[in-house]
Engineer: 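Mind looking over this structure? Questions follow.
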Amino acid sequence: QVQLVESGGGLVQAGGSLRLSCAASGSIFSVKSMGWYRQAPGKQRELVAVITSGGRTNYGDSVKGRFSISRDNAKNTVYLQMDSLKPDDTAVYYCHAEVQHEDVSGTLLSGAYDYWGQGTQVTVSS
């Protein structure tokens, strides 16, 4: 019942920039965090960046200083600004959201639910 709609991605030369966007919609009580993960062929999915509703951020070591995550809580949208891109950044990038829900009577359900976007390809040429 929650959809993550991604935009951005594509082909860019090394040193270039891309900006990814992801908007969450559907039956949402609150969005606790949103972020980005990536997976390259033959590699495990890894954290790129996450941001909580309060603005706390975490970045993967390989992107620190080059990528920046931001969030518009009113729009349930997260952005990833990627600068100084390297060929090693080539991967499928997946949007993720941690969401709380309520039942039909309006009572908050315990725990949180994980949702994933469909993924968007980022390719950086040398």
Side-chain angles (χ1 to χ4, degrees):
Q1 70 271 39
V2 174
Q3 299 84 44
L4 302 180
V5 180
E6 300 162 316
S7 62
L11 175 64
V12 65
Q13 290 185 329
S17 298
L18 287 172
R19 188 176 191 240
L20 306 182
S21 300
C22 176
S25 63
S27 181
I28 299 171
F29 179 80
S30 66
V31 177
K32 303 304 294 182
S33 68
M34 296 185 72
W36 296 90
Y37 295 74
R38 69 186 184 186
Q39 187 167 22
K43 297 182 179 180
Q44 293 182 317
R45 186 173 298 187
E46 65 176 351
L47 169 71
V48 178
V50 295
I51 185 168
T52 70
S53 60
R56 181 176 61 85
T57 59
N58 284 315
Y59 292 92
D61 289 340
S62 63
V63 307
K64 289 180 180 177
R66 299 187 298 119
F67 292 7
S68 180
I69 190 169
S70 61
R71 180 178 177 182
D72 185 336
N73 288 340
K75 294 182 171 63
N76 289 329
T77 300
V78 66
Y79 307 92
L80 183 68
Q81 179 67 43
M82 304 186 293
D83 297 323
S84 301
L85 283 162
K86 306 174 181 178
D88 285 347
D89 295 319
T90 296
V92 178
Y93 285 69
Y94 296 92
C95 180
H96 173 264
E98 184 182 23
V99 176
Q100 289 183 302
H101 297 285
E102 59 186 353
D103 65 16
V104 67
S105 65
T107 301
L108 178 66
L109 298 175
S110 63
Y113 295 79
D114 294 304
Y115 295 91
W116 293 90
Q118 75 283 358
T120 184
Q121 178 71 46
V122 171
T123 302
V124 184
S125 62
S126 60

Engineer: Say you draw a straight line from OH of Tyr93 to SG of Cys22; how long is it, rounded to the nearest 0.5 Å?
Structural biologist: 15.0 Å

Engineer: Give the minimum heavy-atom separation between Val48 and Val63, together with the two atoms involved.
Structural biologist: O-CG2, 3.5 Å

Engineer: State, to 0.1 Å, how close Glu98 and Ala112 come at their nearest heavy-atom pair, and which atoms those are.
Structural biologist: CG-CB, 3.6 Å

Engineer: Find the distance between CD (Glu46) and CD (Gln39) and round it off to the nearest 0.5 Å.
Structural biologist: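 Interatomic distance, Glu46 CD to Gln39 CD, rounded to 0.5 Å: 9.5 Å.
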
Engineer: Give the other cluster members for Leu47, using side-chain heavy-atom distances under 4.5 Å between Ile, Leu, Val, Met, Phe, Trp and Tyr residues; answer none if it is isolated.
Structural biologist: Tyr37, Val50, Val92, Tyr94, Trp116

Engineer: So do the side chains of Leu18 and Phe67 get within less than 4.5 Å of each other, counting heavy atoms only?
Structural biologist: no

Engineer: Quick check: do Trp36 and Leu20 have side-chain heavy atoms less than 4.5 Å from each other?
Structural biologist: yes

Engineer: Taking atom CD as the centre, does Gln1 end up with more than 12 heavy-atom neighbours from other residues, nucleotides or ligands that are less than 6.0 angstrom away?
Structural biologist: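 Enclosed: over 12 neighbouring heavy atoms sit under 6.0 Å from CD of Gln1.
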
Engineer: With hydrophobic residues grouped by side-chain heavy-atom distances under 4.5 Å, do Tyr113 and Val2 end up in a single group?
Structural biologist: yes

Engineer: Would you compute the distance between atom CZ of Arg56 and atom OG of Ser33 and round it to the nearest 0.5 angstrom?
Structural biologist: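 One finds 8.5 Å between CZ of Arg56 and OG of Ser33.
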
Engineer: Who passes side-chain contact (heavy atoms from CB on, under 4.5 Å) against Asp61, sequence neighbours left out?
Structural biologist: Lys64

Engineer: Can a donor-acceptor pair be found, under 3.5 Å and without considering hydrogens, that links the side chain of Glu6 to the backbone of Gly119?
Structural biologist: yes

Engineer: CD1 of Ile69 to CD of Gln81: how many Å apart, nearest 0.5 Å?
Structural biologist: 12.0 Å

Engineer: Hey, does Thr90 have a side-chain heavy atom less than 4.5 Å from the side chain of Gln121?
Structural biologist: yes

Engineer: Looking at CD of Glu102 and OG of Ser27, how far apart are the two atoms once the value is rounded to the nearest 0.5 Å?
Structural biologist: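 Nearest 0.5 Å value for the CD-OG distance: 7.0 Å.
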
Engineer: Would you check if the side chain of His101 reaches a backbone N or O of Leu109 as a donor-acceptor pair within less than 3.5 Å?
Structural biologist: no

Engineer: Taking all non-hydrogen atoms of both residues, which atom of Ala49 and which atom of Tyr59 are closest, and how far apart?
Structural biologist: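 Smallest heavy-atom distance, with atoms named: CB-CD2, 3.6 Å.
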
Engineer: Quick check: closest heavy atoms across Gln100 and Gly111, and the distance to 0.1 Å?
Structural biologist: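 Distance-wise, the nearest heavy atoms are CG-O, 3.9 Å.
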
Engineer: State, to 0.1 Å, how close Thr120 and Gly9 come at their nearest heavy-atom pair, and which atoms those are.
Structural biologist: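 Looking at all heavy atoms of both residues, the closest pair is OG1-CA, 3.9 Å.
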
Engineer: What heavy-atom pair brings Gly16 and Val12 nearest, and what distance separates the two atoms?
Structural biologist: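 Closest approach of Gly16 to Val12, heavy atoms only: CA-CG2, 3.8 Å.
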
Engineer: Check whether Ser21 reaches the backbone of Tyr79 with its side chain - one donor and one acceptor, N or O, closer than 3.5 Å.
Structural biologist: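 Absent.
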
Engineer: Using the salt bridge (Lys or Arg N to Asp or Glu O under 4.0 Å) rule, pick out the option among Asp89, Asp88, Asp83 that qualifies with Arg66.
Structural biologist: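 Of the listed options, the one satisfying the test is Asp89.
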
Engineer: So Asn73 and Val31, side-chain contact (heavy atoms from CB on, under 4.5 Å) or not? Walk me through it.
Structural biologist: CA-CA 8 Å; Asn73 288 340; Val31 177; over 6 Å; no

Engineer: Kindly compute the distance separating NE2 (His96) from CG (Leu4), expressed to the nearest 0.5 Å.
Structural biologist: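 Spacing of NE2 (His96) from CG (Leu4) equals 8.5 Å.
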
